[in-house]
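Chain letters run A, B, ... following the sequence lines, proteins first and then strands; every chain starts at 1.
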There are 2 protein chains.
Amino acid sequence: MDQLNEPSGNTHSTRALIELRKKILNGELAGGTRLFEVPLAEELEISRTPVREAMSRLAEEGLLDRVKSGGFVVRTFGFEDVVDAIELRGVLEGTAARLAAERGVSAEALAKMREIVRGLDACFGEAPDDVDFDAYSELNATFHIELAGLAGSEVVRREVARVARLPFASPSAFSPDLADIAAFRRSLNLAQEQHRSIVSAIAAREGSRAEALAREHARAARRNLEYVLREDRSLIDQLPGFALVVD
Amino acid sequence: MDQLNEPSGNTHSTRALIELRKKILNGELAGGTRLFEVPLAEELEISRTPVREAMSRLAEEGLLDRVKSGGFVVRTFGFEDVVDAIELRGVLEGTAARLAAERGVSAEALAKMREIVRGLDACFGEAPDDVDFDAYSELNATFHIELAGLAGSEVVRREVARVARLPFASPSAFSPDLADIAAFRRSLNLAQEQHRSIVSAIAAREGSRAEALAREHARAARRNLEYVLREDRSLIDQLPGFALVVD
DNA sequence: GTGCGCAGTGGTGTATACAATCAGGCAACG
DNA sequence: CGTTGCCTGATTGTATACACCACTGCGCAC
């Protein structure tokens with residue numbers, strides 16, 4: 001299930017997978033496009049077999065849909081779908097947080113979360129918009145990965161990971177491209193306060209609070225989306241995966 | 001060269017899919033078993049290609065895991081996984097209900113839900129444990145399918161359907177096999193009251209209430225699981241999909 | 001005895017030829 | 001004039017041969 005197994009394009013099929021995913025995410029293959037095996041195989045200079053294999057995996061990822069008569073089409077996302085995917089991530093991360101709080105987590109796991117929060121703290125400088133962006137972004141991703149597993153449930157961890165796999169719904173969706181907007185950098189202070197609160201709620205076994213906080217935390221991504229739509233729609237083209245969003 | 005075979009499945013690959021799924025769900029292929037293409041192909045009297053295709057789809061369904069060096073293993077579920085899957089279904093159905101309430105649903109859609117509820121009402125007789133079981137079961141499934149789509153969000157509908165696809169997490173998981181236990185039949189009165197309440201909460205735009213009700217509704221399945229574990233563990237073997245639960 | 005290497009074996013990865021199927025148009029027929 | 005049915009090209013489904021890779025167990029050197 002996990003894409004642990006795409007090392008370096010060792011096999012033709014993993015190379016095709018990576019290649020196709022790239023083409024889909026950067027919009028080279030628009031949503032709704034039907035993928036034909038023969039032309040793709042020719043283009044990638046491989047046979048149909050690994051192409052099929054790659055498409056099958058992309059269907060697993062949710063980037064392709066199977067069509068009933070056979071074959072695949074690139075899935076289309078509208079802005080409502082993006083909003084809903086973000087909402088779902090919030091809901092599922094909220095569930096992970098709630099279950100972690102209700103069931104309790106080990107002292108070590110809690111210490112690890114606090115360590116990550118401390119690391120995130122260290123990314124902030126004196127001024128409100130002074131942030132070490134790369135470090136923040138990476139630690140933020142780690143925070144969300146750890147949070148997903150904190151309830152000790154593989155099923156929950158998996159589904160959280162799954163919905164966060166859509167690039168525009170991932171916790172770091174807006175990070176790289178909004179980095180030079182001061183308002184966005186300042187908003188990270190709030191996000192970090194939420195990180196802290198989520199951990200403290202889990203530690204205090206406050207399940208409902210942990211869930212609500214995690215949901216609200218995900219809505220930061222939604223606010224960023226709305227900001228982009230309102231202030232500068234052209235920014236969208238630079239956001240990862242948004243090329244496949246049509247509306 | 002091959003004759004028309006088997007009632008179900010037009011292509012070899014769909015036949016293999018159905019066959020393999022059956023074998024997994026009835027425990028013929030235990031959790032953790034690695035699936036080898038060649039023996040399976042021989043057993044099903046087809047070539048490796050459709051077997052691979054079928055396994056790929058089963059991985060999509062969540063019944064198989066891909067192993068890093070290639071190939072697939074039957075996914076293992078413990079009882080905690082079952083509990084968590086049920087919990088997740090509740091969470092996602094709750095989200096569908098909440099969003100439906102918050103965003104509002106058309107009069108027609110609401111009428112349809114009420115119609116289903118009326119149909120469910122008609123399944124109950126005079127005595128508390130007098131229930132037309134088959135009719136209830138089918139209408140109940142319809143209710144849950146419609147509920148998943150009620151928010152008008154394809155993303156939400158899809159993810160609800162996905163988590164309900166695990167047979168032991170589905171809304172009708174316990175229906176067929178507990179039908180002759182009077183206590184279970186009586187519990188359906190409560191479930192039906194919840195159906196009614198969910199619809200009324202959505203109609204009244206009471207999102208939080210709708211969400212809470214849908215969550216609690218899913219926990220009926222959890223209570224049934226706990227009942228089975230407590231009262232008569234041997235019943236488990238008759239529940240659909242539980243053969244693949246190991247613990 | 002221990003580590004290293006090296007083939008053998010079992011399994012998946014890939015190419016490719018051929019079969020089955022689907023969609024669309026065109027023609028014969030009611 | 002509509003409807004049916006077949007024809008045909010495009011596309012996927014299937015079988016199969018072969019390539020390759022990973023693991024294992026044995027033997028050899030040290």
Separation of C:dA20 P from B:Arg15 CZ (nearest whole Å): 15 Å

Whole-Å distance separating the CG atom of B:Leu44 from the P atom of D:dG13: 18 Å

Length of the line joining A:Met55:CE and C:dT14:C1', which is rounded to integer Å: 15 Å

Distance in Å, B:Glu108 CD paired with B:Met113 CE, rounded so as to fall on 0.5 Å steps: 14.5 Å

Salt bridge B:Arg66-A:Glu53, side-chain N to carboxylate O under 4.0 Å: yes

Residues A:Arg219 and A:Glu87 bridged, charged N to O under 4.0 Å: yes

Of B:Leu35 and A:Ser47, the one whose closest DNA chain C nucleotide lies more 5': B:Leu35

Side chain of A:Pro50 - closest among D:dA15, D:dT12, C:dT14: C:dT14

A:Ile46 side chain, from C-beta outward: closest of C:dA15, C:dG11, C:dC22: C:dA15

B:Asn10 CG - D:dG13 C1' separation (whole Å): 12 Å

First of B:Glu53 and B:Arg48 reached from the 5' end of DNA chain D, by closest nucleotide: B:Glu53

Salt bridge present between A:Glu45 and A:Arg15 (N-O < 4.0 angstrom): no

Spacing of A:Arg52 atom CZ relative to C:dA15 atom P, expressed in whole Å: 14 Å

A:Ser69 side chain, from C-beta outward: closest of C:dT14, C:dC22, D:dG13: C:dC22

A:His12 side-chain N/O to C:dA15 phosphate OP1/OP2 under 4.0 Å: yes

d(CG, A:Leu40; P, C:dA15) in whole Å: 14 Å

Rounded interatomic separation in angstrom, taking NZ from B:Lys68 and P from C:dT12: 14 Å

Residue A:Phe36, side-chain atoms from C-beta onward, closest of C:dT14, D:dT11, C:dT12: D:dT11

Interatomic distance where CD belongs to A:Glu42 and P belongs to D:dT11 [whole Å]: 11 Å

Presence of A:Arg34 side-chain N/O under 4.0 Å of D:dT12 phosphate oxygens OP1/OP2: yes

Gap separating the CD atom of B:Glu60 from the CD atom of A:Glu60, nearest 0.5 angstrom: 5.5 Å

